[in-house]
Amino acid sequence: MDLAYICEWEKWPKSTHCPSVPLACTWSCRNLIAFTTDLRSDDQDLTRVIHILDTEHPWDVHSICSGHSEAVTCLEWDQSGSRLLSADADGQIKCWSMADHLANSWESPVGSLVEGDPIVALSWLHNGVKLALHVEKSGASSFGEKFSRVKFSPSLTLFGGKPMEGWIAVTVSGLVTVSLLKPSGQVLTSTESLCRLRGRVALADIAFTGGGNIVVATADGSSASPVQFYKVCVSVVNEKCRIDTEILPSLFMRCTTDLNRRDRLPAITHLKFLARDMSEQVLLCASSQTSSVVECWSLRKEGLPVNNIFQQLSPAVGDKQPTILKWRILSATNDLDRVSAVALPKLPISLTNTDLKVASDTQFYPGLGLALAFHDGSVHIVHRLSLQTMAIFYSSAAPRSVDEPAIKRPRTTGPAIHFKAMQLSWTSLALVGIDNHGRLSMLRISPSMGHSLDAGLALRHLLFLLEYCMVTGYDWWDILLHVQPSMVQSLVEKLHEEYTRQKAELQQVLSTRILAMKASLCKLSPCAVTRVCEYHAKLFLIAASSTLKSLLRPHVLNTPDKSPGDRLTEVCAKITDVDIDKVMINLKTEEFVLDMNTLQALQQLLQWVGDFVLYLLASLPNQGSPLRPGHSFLRDGASLGALRELMVVIRIWGLLKPSCLPVYTATSDTQDSMSLLFRLLTKLWICCRDEGPTSEPDEALVDECCLLPSQLLIPSLDWLPVSDGLVSRLQPKQPLRLHFGKPPALPGSATSLQLDGLIRAPGQPKMDHLRRLHLGAYPTEACKACTRCGCVTMLKSPNKTTAVKQWEQRWIKNCLCGGLWWRMPLSYP
């Protein structure tokens, strides 16, 4: 476990960010982190601020003045990572969502209020989606065997079984409040007492059962009092939300049953279920000013012995022994230094004995450990059930030996820097901590947890987690922290191998995600920079091809089952003629008729297709040069086939409206550039198409491609700029020091080789990479950039035609690579 980077606040004379008390922090599945600070002005007025940052660009923090009048006590992301709940000590709950799908533009249209009653626990209602990871089947071919869907009921369903959205919160006075979001946007809120005898609730946590019920755990903060558990059922009756509560068995912490220790550990400071969907296991921490004890408890069904007299009176009782639910302690630690924060893993690994045996057999450690932060600044990863230490991190300048136990030590003068809030990433390979100075630290957690793993096994674990992210749609930034440049080639190959073993339907669903994953892996290796550009070009080609083919309409409605796009693919694959006009004859041109304005609006897209074909053919003679992007396309039959189909479509549309054709600068006025390019492209496609035997391009074709630069002006393609993110610049054992709001002058990344067209100076013209429009050196239009690949595009569409809207709809929520959009500040000369 080592430090990747630290990000801290600049000290301003007028106002300063100070850590809020209590400090809330949460990490989404899209690798956005939200945390709170208080902004103190000269008059000592506090503004409650929520900060949202992307882990790849932590300095680029977006701060929201939350509008909460009291300290923010809870923050909670939803399952999709696009909405955030915040709750404060005045009982106000706000639901934040992205405005225009921008990760640095947030609005709070809805919320709820329990006036004057501080919120101590908050959670979104469960949507019924639960996966199980089968680590022992990591060698299986199907993703369905490795990641199976567990039967789990949503907390509440709409008509047809669709899960209803909403949230549940617990207040300090023992109330439970539930708010339901109706599809119409209306919020139904209901509040109910957890039990008839209401008492103070200092700590609470919320978990869900497979049957759709909710379990709430509460403690009043004193270790002499019991930890109470309640079952909460939510239903909608006559358009109103109804809450029913039921008392479950309670428990007293083991350390408090010993009279000598009870006085030494007077307070319960942490109460957490081991997972949101694991209501049978709970983690408790009792503390004094200097020390803590952590205990793990499990709820079990136990048989109730029945007296012989009753067995004789009622024979049925003798056959079936009655059972009772009881809390049993699983493990407890010795006296530790005082615990300041706890972080629990989100990786869905079940914790039965057989699963734990499988984990130890396969040596798969991610997700098995939870993190404890101590007041002396150290962080321990301990096993979820046995609480045995698995890894240790010391933040102080003088690290102690690993063998030294984490027993209580004499306190030094002044409080040490320690984490007040921590969160583990969704694959448990990274840990974020906010310390008592408001600084943010990002820690890498090795997948091996300090065990010596075989290199092949470590690679397989990373591959397994990448597949998990591919299936769930989660962001995989935290996995990239552990990928060394030497691993990139084998990881990409193995990922592709696993992908090709899936069913065709699943391959189609995951086709863009695997390309984005390969591109992000290749960024980490200096040898694979050009591959990054190729994968992004392939993503663009897939999107352009499917959009343009979807514009084709059948001439008559009652056509056979094949769409015009499918028929085009079939005809182009069957007819291998090099003459574009002979291929056109076999198509029904009436299916290609489009409105003239639409064709004109698509010109930039068609121009890119034409330029890309010309660039690829011109680079065929020196295909051995790895420094020129496009190398892999020359042997990719599927991509060349897609380009060939698009050339045919463009040729037909050019007959309808010649001004929509790609513009080429030719040396001869009489030359038919489209026919020439189609002829050469077809010859190259025949060499490597899937159906026929693959062969090397013959010398005549290479010679003709050599002559292309003398016949046509070869365009310089605008490849995606190399991203300015962190992950490719992070070095092991060398943490970066960053400042919020101040872009760092980072050392050159592994990928910043001087490749043609890849590096952009600040004053160079910018490009709208998705509309293929030139924006100029200092764009006047508001633009957004992708947090992952650096792709730039305008926020508002300059064109209103339906076809362009259809194209833009593909990337309105996310970039083509799956990254989130971030609004760019306007730049001035």
Side-chain angles (χ1 to χ4, degrees), residues 24-36 50-55 62 64 66 68 72-88 92-112 119 121-131 152-158 162-170 177-183 185-189 205-208 212 214 234 241 273 275-278 343-348 423-427 432 469 471-475 477 787 813-814 818-821:
C25 171
T26 180
W27 191 330
S28 83
C29 62
R30 309 297 300 277
N31 282 326
L32 289 178
I33 291 171
F35 65 101
T36 57
I50 299 172
H51 305 283
I52 293 174
L53 57 86
D54 171 49
T55 50
H62 175 64
I64 310 166
S66 64
H68 286 291
V72 177
T73 54
C74 305
L75 286 175
E76 192 75 27
W77 287 105
D78 73 341
Q79 196 69 21
S80 68
S82 58
R83 284 183 305 183
L84 178 70
L85 286 177
S86 65
D88 68 11
Q92 188 178 24
I93 301 172
K94 291 189 171 193
C95 175
W96 300 89
S97 54
M98 291 184 197
D100 301 326
H101 307 291
L102 295 169
N104 58 346
S105 180
W106 293 81
E107 57 191 5
S108 172
V110 291
S112 62
I119 307 289
L122 178 68
S123 173
W124 289 91
L125 294 178
H126 204 287
N127 61 1
V129 176
K130 187 183 176 187
L131 277 184
F152 207 90
S153 299
S155 306
L156 201 61
T157 53
L158 292 161
K162 187 183 176 188
M164 194 166 192
E165 294 180 320
W167 58 84
I168 175 171
V170 180
T177 175
V178 175
S179 297
L180 304 175
L181 294 173
K182 294 186 73 180
Q186 184 189 353
V187 181
L188 294 181
T189 301
D205 199 22
I206 300 162
F208 301 92
I214 303 162
V234 184
C241 177
F273 285 106
R276 274 270 185 258
D277 44 24
M278 206 177 286
L344 292 163
K346 305 180 184 83
L347 209 58
Q423 282 277 314
L424 280 161
S425 72
W426 284 64
T427 59
V432 71
C469 288
V471 169
T472 53
Y474 297 161
D475 188 67
W477 179 89
T787 54
K813 285 188 180 176
N814 305 309
L820 288 167
W821 292 117

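The model shown is predicted, which means the values in this text are computed figures rather than measured ones.
Atom NZ of Lys162 is separated from atom CG of Asn127 by 11.5 Å, given to the nearest 0.5 angstrom. With rounding to the nearest 0.5 angstrom, the CE atom of Met164 is 8.0 Å from the SG atom of Cys241. Atom CD1 in Ile64 sits 5.5 Å away from atom CH2 in Trp96 (nearest 0.5 Å). Taking CG of Leu156 as the start and CD1 of Ile214 as the end, the distance is 8.5 Å to the nearest 0.5 Å. With rounding to the nearest 0.5 angstrom, the OG1 atom of Thr787 is 11.0 Å from the CG atom of Leu102. From Thr36, atom OG1 reaches atom CG of Asp88 across 11.5 Å, with rounding to the nearest 0.5 Å.
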- Task: List the steps and the verdict of side-chain contact (heavy atoms from CB on, under 4.5 Å) for Asp54 and Leu820.
- Result: CA-CA 9 Å; Asp54 171 49; Leu820 288 167; 5.9 Å; no
- Apply the test side-chain contact (heavy atoms from CB on, under 4.5 Å) to residues Thr55 and Trp27: give CA-CA distance (whole Å), side-chain angles for both, the deciding distance (0.1 Å), then the verdict. CA-CA 10 Å; Thr55 50; Trp27 191 330; 3.9 Å; yes
- Message: Show, in sequence, the C-alpha distance, side-chain angles and deciding distance for Asp475 and Leu32, and conclude whether the side-chain contact (heavy atoms from CB on, under 4.5 Å) test is met.
- Response: CA-CA 10 Å; Asp475 188 67; Leu32 289 178; over 6 Å; no
- Item | Step-by-step side-chain contact (heavy atoms from CB on, under 4.5 Å) determination, Cys25 to Val432 | CA-CA 9 Å; Cys25 171; Val432 71; 4.1 Å; yes
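No more than 12 heavy-atom neighbours from other residues, nucleotides or ligands sit within 6.0 angstrom of NZ on Lys813.
In this structure, Leu344 and Phe273 approach most closely via the heavy-atom pair CD1-O, 3.0 Å. Minimum interatomic distance between Leu75 and Ser86 (heavy atoms only, all atoms of both residues): CD2-CB, 3.6 Å. The shortest non-hydrogen separation linking Thr189 to Thr177 is CG2-OG1, 3.8 Å. A pairwise comparison of heavy atoms in His101 and Trp821 identifies O-CB, 3.7 Å as the closest pair. Residues Trp77 and Arg83 come closest through the heavy atom pair CE3-O, 3.3 Å. The two residues Ala207 and Ala275 have their closest heavy-atom pair at CB-O, 4.1 Å.
You'll find the side chain of Val72 reaches within 4.5 Å of the side chain of Ser66, heavy atoms only. Side chains of Val187 and Leu181 form a contact here, defined as non-hydrogen atoms less than 4.5 Å apart. Asp100 has its side chain out of reach of Ser105: every pair of non-hydrogen atoms, C-beta onward, lies at least 4.5 Å apart. Side-chain contact between Lys94 and Ile50 is absent, with no heavy-atom pair separated by less than 4.5 Å. When side chains are defined from C-beta on, Cys95 counts as touching Val110, because their heavy atoms get closer than 4.5 Å. Between Lys182 and Leu188, the closest side-chain pair of non-hydrogen atoms falls below 4.5 Å. Put simply, the side chain of Pro183 reaches to within 4.5 Å of the side chain of Leu158, judged on heavy atoms. The side-chain heavy atoms of Asn31 and Trp426, taken from C-beta on, include no pair separated by under 4.5 Å.
For Arg276, the side-chain hydrogen bond (donor to acceptor under 3.5 Å, both in side chains) partners at least two apart in sequence or on another chain are Glu76, Ser123, Asp205.
Judged purely by distance below 3.5 Å, without hydrogens or angles, the side chains of Trp167 and Ser112 pair a donor atom with an acceptor atom.
In this structure, Phe152 and His126 have tilted ring planes: the angle between them lies in the 30° to 60° band.
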